[in-house]
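Heads up: the structure comes next, in structure tokens.
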Amino acid sequence: METRSFGSTGRNVSVIGLGCWQFGGDWGEVSDLQALNILSTAVESGVTLIDTADCYGDGHSEELIGEFLSMIGSAEDFGLTVMTKMGRLANPHIELAYCYDNFRGWLDRSRKLLRMDRIPLVQLHCPPTPVYSNNEVYDALDRLVSEDVIEAYGVSVETCDEALTALEHNIASIQIICNILRRKPLEKVLPAAKAKGVAIIARVPLASGLLSGKFTETTTFAPQDHRTFNRFGEAFDVGETFSGVPYDQGVQAGREVARIAAEMPGQPTPSQLALRWLIDQDGITTIIPGASRVEQARLNAEAATLKPLSPEILDELEQIYTKYAAPHVADKW
Ligand SMILES: NC(=O)c1ccc[n+]([C@@H]2O[C@H](COP(=O)([O-])OP(=O)(O)OC[C@H]3O[C@@H](n4cnc5c(N)ncnc54)[C@H](OP(=O)(O)O)[C@@H]3O)[C@@H](O)[C@H]2O)c1
């Protein structure tokens, strides 16, 4: 698996990582055994970056990763970089919650669940926008680095403007939604991050599964799956579900991505095509597809072995964006 250097941290990470929101309950049923098998398959396939958050399953995702790490020995033994997020346990979720005392409490809980003394990277988990320009927040994070609680910190953002604000501070990474249907980060955020040596983590790379091409207009999801309960942004930012693209439009886009993949030499899966598109974007450090099945984790890691996409395919994918997604997403986020 190709690896890339991760910002200023001195770490190298696999270009395909693993997102672990799926182990938290917001994706329907993923059993603990399935989750552990997904983790081991991903690592066996060359994945060295694992992304989670303290709120996924109220800590259960972190707990399973901790169990997995203890089963294999330690993260260091396998060169793994485990990254979590904090902030979303705050109730109410307000700017004032982003302070040293809360950070310390949340991180101590994450360290215990992950079974790690020092967390390689913590990300602010899409906080209220003013947090990104609050110097006291960054001072608190620097203090946690000096206390050896964390090695480095980054931010997860909803908007490109938030990313550009955070780039004025000493962050190691930005996690942002970027995929065939969400291209705005390519305009300013990726070049600015590259110029500053800040790592970019592309999340929701498959538009919550739409880009796998497997959904139809009549597909239904479990009641506890965010693709049921957040389709219109009822619970959190609508951009986190299907990348903010209306479902029917996204299904048609997925179908066209699948047609292109089927016509390619070697016939990659549509998901692999979508991941390869991201690998080829200048400024992307790593991509973190989520997986609810073992086979998905294996196939997603394999996307790193595909050849770079041809100009003709890039052009076709851009037309899909223009037709199905741009009218709904280009002016947002
Ligand atoms: N605010 C934040 O910071 C934030 C928000 C969202 C996500 N994240 C992180 O980003 C990660 C990735 O985003 P995401 O999980 O929301 O979306 P995603 O990676 O775009 O989509 C994941 C879903 O795509 C489907 N899928 C994955 N691989 C597949 C394959 N090879 N073939 C067919 N279908 C496949 C699965 O759907 P089925 O389950 O239906 O099979 C899977 O649950 C998360 O796990 C999380 O770590 C962070």
Side-chain angles (χ1 to χ4, degrees), residues 16-30 34-35 38-39 41-42 45 47 49-57 61-62 65 82-88 93 121-127 154-159 162-163 173-182 201-216 219-222 224-228 230 235-245 250 254 257-258 261 268-278 286-303 333:
I16 299 288
L18 179 70
C20 297
W21 185 14
Q22 277 66 12
F23 311 161
D26 285 337
W27 292 81
E29 174 68 21
V30 177
Q34 238 171 315
I38 288 168
L39 282 161
T41 300
S45 307
V47 164
L49 180 143
I50 295 170
D51 177 80
T52 185
D54 57 8
C55 65
Y56 295 165
S61 175
E62 289 185 333
I65 294 166
V82 177
M83 44 186 60
T84 192
K85 312 185 199 79
M86 64 179 177
R88 291 279 163 168
H93 183 238
L121 183 97
V122 72
Q123 303 156 91
L124 302 180
H125 199 168
C126 295
V155 294
S156 186
V157 301
E158 297 291 3
T159 70
E162 289 170 348
S173 63
I174 294 173
Q175 183 175 140
I176 191 163
I177 298 179
C178 190
N179 61 45
I180 289 172
L181 305 178
R182 282 284 290 270
I201 305 164
R203 78 166 181 271
V204 197
L206 303 175
S208 313
L210 280 176
L211 292 170
S212 72
K214 68 183 175 185
F215 300 145
T216 71
T219 303
T220 54
F221 301 90
Q224 71 274 33
D225 189 317
H226 72 102
R227 294 170 293 185
T228 299
N230 194 53
F236 40 81
D237 195 290
V238 68
E240 305 294 353
T241 302
F242 300 127
S243 297
V245 177
V257 171
T269 69
S271 301
Q272 289 174 328
L273 169 55
L275 296 173
R276 184 68 229 187
W277 178 84
L278 274 164
T286 185
I287 301 145
I288 50 166
S292 63
R293 292 186 180 80
V294 166
E295 186 66 356
Q296 294 175 352
R298 189 183 63 73
L299 288 168
N300 293 344
E302 270 178 28
W333 298 289

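Heads up: numbering here begins at 1 and tracks the sequence. Counting starts at 1 for both ligands and their atoms, following the listed order.
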What I want to check is whether the side chains of [X] and [Y] have a donor and an acceptor closer together than 3.5 Å.
{"X": "His125", "Y": "Ser156", "result": "no"}
{"X": "Glu62", "Y": "Thr84", "result": "yes"}
{"X": "Ser212", "Y": "Ser271", "result": "no"}
{"X": "Asp237", "Y": "Trp333", "result": "yes"}

To the nearest 0.5 Å, tell me how far [X] [atom1] sits from [Y] [atom2].
{"X": "Asp26", "Y": "Glu240", "atom1": "CG", "atom2": "CD", "value": "11.0 Å"}
{"X": "Ile50", "Y": "Leu18", "atom1": "CD1", "atom2": "CG", "value": "6.5 Å"}
{"X": "Thr52", "Y": "Gln22", "atom1": "OG1", "atom2": "CD", "value": "10.0 Å"}
{"X": "Leu206", "Y": "Lys214", "atom1": "CG", "atom2": "NZ", "value": "9.0 Å"}
{"X": "Trp27", "Y": "Trp21", "atom1": "CH2", "atom2": "CH2", "value": "6.0 Å"}

Say whether, by atom type as modelled, one donor and one acceptor occur between the side chain of [X] and the main chain of [Y] under 3.5 angstrom.
{"X": "Gln34", "Y": "Val30", "value": "no"}
{"X": "Arg227", "Y": "Ser208", "value": "yes"}
{"X": "Asn300", "Y": "Gln296", "value": "yes"}
{"X": "Ser61", "Y": "Gly57", "value": "no"}
{"X": "Thr41", "Y": "Ile38", "value": "no"}

Can you sort out which atoms of ligand 1 are near [X], meaning under 4.0 Å from one of its heavy atoms?
{"X": "Trp21", "value": "6 (C), 7 (C), 16 (O), 44 (C), 45 (O), 46 (C), 47 (O)"}
{"X": "Arg293", "value": "41 (O)"}
{"X": "Pro289", "value": "19 (O)"}
{"X": "Cys20", "value": "45 (O), 47 (O)"}
{"X": "His125", "value": "1 (N), 2 (C), 3 (O)"}
{"X": "Gly19", "value": "11 (C), 44 (C), 45 (O), 47 (O)"}

To which protein heavy atom is [atom] closest, and what is the distance rounded to 0.1 Å?
{"atom": "atom 3 (O) of ligand 1", "result": "Ser156 OG, 2.7 Å"}
{"atom": "atom 33 (C) of ligand 1", "result": "Ser212 CB, 3.4 Å"}
{"atom": "atom 28 (N) of ligand 1", "result": "Asn300 ND2, 2.9 Å"}
{"atom": "atom 34 (N) of ligand 1", "result": "Lys214 NZ, 3.0 Å"}
{"atom": "atom 12 (C) of ligand 1", "result": "Ile288 O, 2.9 Å"}
{"atom": "atom 47 (O) of ligand 1", "result": "Asp51 OD2, 2.7 Å"}
{"atom": "atom 5 (C) of ligand 1", "result": "Glu240 OE1, 3.0 Å"}
{"atom": "atom 14 (P) of ligand 1", "result": "Trp27 CZ2, 3.7 Å"}

Does [X], backbone or side chain, put an N or O under 3.5 Å from an N or O of ligand 1?
{"X": "Ser292", "answer": "yes"}
{"X": "Gly290", "answer": "yes"}
{"X": "Leu299", "answer": "no"}
{"X": "Gln22", "answer": "yes"}
{"X": "Leu206", "answer": "yes"}
{"X": "Thr52", "answer": "no"}
{"X": "Phe215", "answer": "no"}
{"X": "Glu158", "answer": "no"}

What part of [X], side chain from CB on, backbone N/CA/C/O, both or neither, has a heavy atom under 4.0 Å from ligand 1?
{"X": "Pro205", "value": "both"}
{"X": "Phe221", "value": "neither"}
{"X": "Asn179", "value": "neither"}
{"X": "Gln296", "value": "both"}
{"X": "Cys126", "value": "side chain"}
{"X": "Gln175", "value": "side chain"}
{"X": "Gln272", "value": "neither"}

Quick one: does Thr241's side chain get under 4.5 Å of Phe236's, heavy atoms only?
->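 With C-beta onward as the side chain, the pair touches.
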- Query: Closest approach of Arg298 and Glu295, non-hydrogen atoms and distance?
  - Reply: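 Closest heavy-atom pair between Arg298 and Glu295: NH2-OE2, 2.6 Å.
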| query | Does ligand 1 have any atom that is closer than 4.0 Å to a heavy atom of Arg227? | reply | yes
Handout entry: Asp51 vs Arg203, salt bridge (charged side-chain N to carboxylate O under 4.0 Å, His left out): CA-CA, chis, key distance, verdict
Key = CA-CA 10 Å; Asp51 177 80; Arg203 78 166 181 271; over 6 Å; no
